[in-house]
Amino acid sequence: QVQLVESGGGLVQPGGSLRFSCVASGRIFSINAMGWYRQAPGKQRELVATITSGGSSDYADSVKGRFTISRDNAKNTVYLQMNSLKPEDTAVYYCNVVLREHVLGPAHSYWGQGTQVTVSS
């Protein structure tokens, strides 16, 4: 059984910062990609940022230069530092981890529970 536990989020004023973390635990052989997605009310879930096991990262155009994704492989943890937040960043943020539970097993995608971010004055 694999669990993802997110922390961080909350209410912040425009221009402010927040930091998320997401820890994967349970039966884990190896972790491939880790990432963050978000879903605003009435919209589809969208990619925010991803990072590979080698540390290569990719970002949605809307967050480039403001958000930074990082990971600590020893702790099975992915982080998202969000700066210069805007009202349009308001959404529920989900972490996503693609991992193998067994050496010969396929990779599966797991989701965190979601954390609300509200950017408002």
Side-chain angles (χ1 to χ4, degrees):
Q1 187 80 14
V2 174
Q3 288 187 321
L4 301 185
V5 178
E6 300 178 21
S7 60
L11 173 64
V12 64
Q13 292 186 342
S17 298
L18 286 173
R19 179 178 169 88
F20 277 129
S21 64
C22 175
V23 182
S25 63
R27 180 174 290 179
I28 300 171
F29 173 73
S30 65
I31 296 178
N32 300 342
M34 307 180 86
W36 293 92
Y37 292 71
R38 66 186 181 187
Q39 187 167 17
K43 294 187 177 181
Q44 290 188 333
R45 190 173 298 187
E46 64 176 1
L47 171 70
V48 176
T50 59
I51 186 167
T52 68
S53 57
S56 296
S57 58
D58 192 23
Y59 297 90
D61 288 341
S62 59
V63 307
K64 283 182 180 177
R66 299 188 297 122
F67 291 12
T68 302
I69 190 170
S70 61
R71 62 189 281 173
D72 185 332
N73 292 328
K75 295 181 179 180
N76 293 339
T77 301
V78 60
Y79 305 95
L80 185 68
Q81 178 66 43
M82 304 183 289
N83 298 328
S84 303
L85 283 160
K86 304 175 181 179
E88 50 263 43
D89 295 318
T90 296
V92 177
Y93 285 71
Y94 299 88
C95 72
N96 175 263
V97 175
V98 178
L99 60 84
R100 297 177 185 273
E101 295 183 50
H102 307 284
V103 60
L104 296 177
H108 292 291
S109 177
Y110 294 87
W111 293 91
Q113 78 275 16
T115 304
Q116 177 70 45
V117 169
T118 302
V119 184
S120 175
S121 55

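Index from 1, following the sequence.
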Q: Examine W36 and V23 and state if one hydrophobic cluster contains both, with Ile, Leu, Val, Met, Phe, Trp and Tyr joined whenever side-chain heavy atoms are less than 4.5 Å apart.
A: no

**Q.** Atom pair CG/OG of L11 and S121 - distance to nearest 0.5 Å
**A.** 9.5 Å

Q) Side-chain contact, heavy-atom cut-off 4.5 Å: D72 with Y79? A) yes

Q) At what distance, to the nearest 0.5 angstrom, does SG of C22 lie from CG of N96? A) 8.5 Å

Q) More than 12 foreign heavy atoms under 6.0 Å from CD of E88: is that the case here? A) yes

Q: Would you name the heavy atoms of E101 and Q1 that are closest together and state the gap between them?
A: OE1-N, 4.3 Å

Q. How long is the gap from CE on M34 to OG1 on T50, to the nearest 0.5 Å?
A. 11.5 Å

Q | Carboxylate-amine/guanidinium contact K64 D61, below 4.0 Å | A | yes

Q) Between atom CG of N83 and atom OG1 of T68, what is the distance when rounded to the nearest 0.5 Å? A) 6.5 Å

Q) Heavy-atom distance under 4.5 Å between the side chains of F67 and L85, does that happen here? A) yes

Q | From I31 atom CD1 to S53 atom OG, the distance as rounded to the nearest 0.5 Å | A | 10.0 Å

**Q.** Test item: V2 and H108 side chains (from C-beta on) under 4.5 Å apart, heavy atoms
**A.** no

**Q.** R71 (side chain) donor-acceptor with T52 (main chain) under 3.5 angstrom
**A.** yes

Q) So, does T90 use its side chain to make a donor-acceptor pair with the main chain of V119 at under 3.5 Å? A) yes

Q. Would you say the side chains of S25 and N76 form a donor-acceptor pair under 3.5 Å?
A. no

**Q.** Whether R66 side chain and S84 backbone form a donor-acceptor pair below 3.5 Å
**A.** yes

Q) Under 4.5 Å between side-chain heavy atoms, hopping through other hydrophobics if needed: is there a path connecting V92 to L4? A) no

Q: List the atom of A107, the atom of N32, and the distance in Å for their closest heavy-atom pair.
A: CB-ND2, 3.8 Å

Q. Does Y59 reach the main-chain N or O of I69 with its side chain, forming a donor-acceptor pair under 3.5 Å?
A. yes

Q: Applying side-chain contact (heavy atoms from CB on, under 4.5 Å) between Y94 and each of E6, R38, Q113, report the one that passes.
A: E6

Q | ILVMFWY network linking Y37 to I51, side-chain heavy atoms under 4.5 angstrom | A | no

(Q) Which heavy atom of T77 sits nearest to which heavy atom of S21, and what is that distance? (A) CG2-CB, 4.3 Å

Q. Do V98 and L80 sit in the same hydrophobic cluster, where Ile, Leu, Val, Met, Phe, Trp and Tyr count as joined when their side-chain heavy atoms come under 4.5 Å apart?
A. no

Q.
Once rounded to the nearest 0.5 Å, what's the spacing between atom CZ of R27 and atom CD of Q3?
A. 13.5 Å

Q: Identify whether W111 and F20 are in the same connected component of the hydrophobic contact network (ILVMFWY, side-chain heavy atoms under 4.5 Å).
A: no

Q: May I ask you to decide if S30's main-chain N or O and R100's side chain share a donor-acceptor pair within less than 3.5 Å?
A: no

